Amino acid sequence: MHEFRMIEDLHKLQNQLSSLWDPFVASGGNAYPALNVHKGTDEISITALVPGIQPESLDITVSGNQLRLSGEIASELSREKGPVRVERFHGKFQRSLELPAEVDPEKTTAEFKNGILTLILPIRESVKPRKIQIQTK
């Protein structure tokens with residue numbers, strides 16, 4: 001087996017295993033795509049590094065407090081020449097993430113620019129903390 005094909009197969013196996021548990025912790029921070037998650041009082045923002053992918057190749061699903069990001073990065077490798085070294089990811093990927101709060105998928109927005117996907121996920125009103133007024137009689 002060609003050693004670089006083995007590396008590609010290992011990347012695919014890593015992505016398959018990552019859906020079984022929290023991929024970021026389990027893989028020592030090497031899950032693909034790399035994500036930054038920020039929670040504010042009204043929304044959760046997520047940035048994902050996905051260089052080399054076409055936005056129409058991305059599939060984003062949000063339900064409750066679950067986010068699923070999947071897609072495919074086409075290989076630029078030529079089978080005729082054979083690569084000398086392969087470090088950039090290519091192929092199918094899937095990343096699932098439990099969000100820190102339940103979000104409203106109807107109001108979620110996604111923007112793609114220069115290989116960075118930015119998601120803005122508004123937190124559902126029903127799960128936001130509410131101040132309770134004390135009534136006196």
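Note that the coordinates shown come from a computational prediction; the quantities given were computed from them, not determined experimentally.
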Could you walk me through whether Val103 and Asn65 pass the side-chain contact (heavy atoms from CB on, under 4.5 Å) test, one step at a time? CA-CA 6 Å; Val103 297; Asn65 69 337; over 6 Å; no

Go through it in stages, so that I can follow the logic: the residues are Thr118 and Phe112, the test is side-chain contact (heavy atoms from CB on, under 4.5 Å), and I'd like the CA-CA distance, side-chain angles, deciding distance and then a yes or no. CA-CA 6 Å; Thr118 302; Phe112 187 86; over 6 Å; no

Between Arg95 (side chain) and Pro33 (backbone), is there a donor-acceptor pair under 3.5 Å? yes

Rounded distance (nearest 0.5 Å) linking atom [atom1] of [X] with atom [atom2] of [Y]:
| X | Y | atom1 | atom2 | value |
| --- | --- | --- | --- | --- |
| Ile123 | Lys107 | CD1 | NZ | 12.5 Å |
| Gln94 | Thr61 | CD | OG1 | 9.0 Å |
| Ile120 | Glu111 | CD1 | CD | 8.5 Å |
| Leu49 | Asn114 | CG | CG | 11.5 Å |

With side chains defined as the heavy atoms from C-beta onward, is the minimum distance between [X] and [Y] less than 4.5 Å?
| X | Y | answer |
| --- | --- | --- |
| Val50 | Tyr32 | yes |
| Thr47 | Asn36 | yes |
| Leu117 | Leu69 | yes |
| Asp59 | Arg68 | yes |
| Ile73 | Ser57 | no |

Hydrophobic clusters here meaning ILVMFWY residues chained together by side-chain heavy-atom distances under 4.5 Å, can you tell me if Leu121 and Leu35 are in one? yes

Any chance CD of Glu106 has more than 12 other-residue heavy atoms, nucleotides or ligands included, within less than 6.0 Å? no

His38 vs Ile46, test: side-chain contact (heavy atoms from CB on, under 4.5 Å). Steps then yes/no. CA-CA 6 Å; His38 298 277; Ile46 298 175; over 6 Å; no

Option passing side-chain contact (heavy atoms from CB on, under 4.5 Å) with Leu67 (candidates Ile60, Val37, Ile44): Ile60

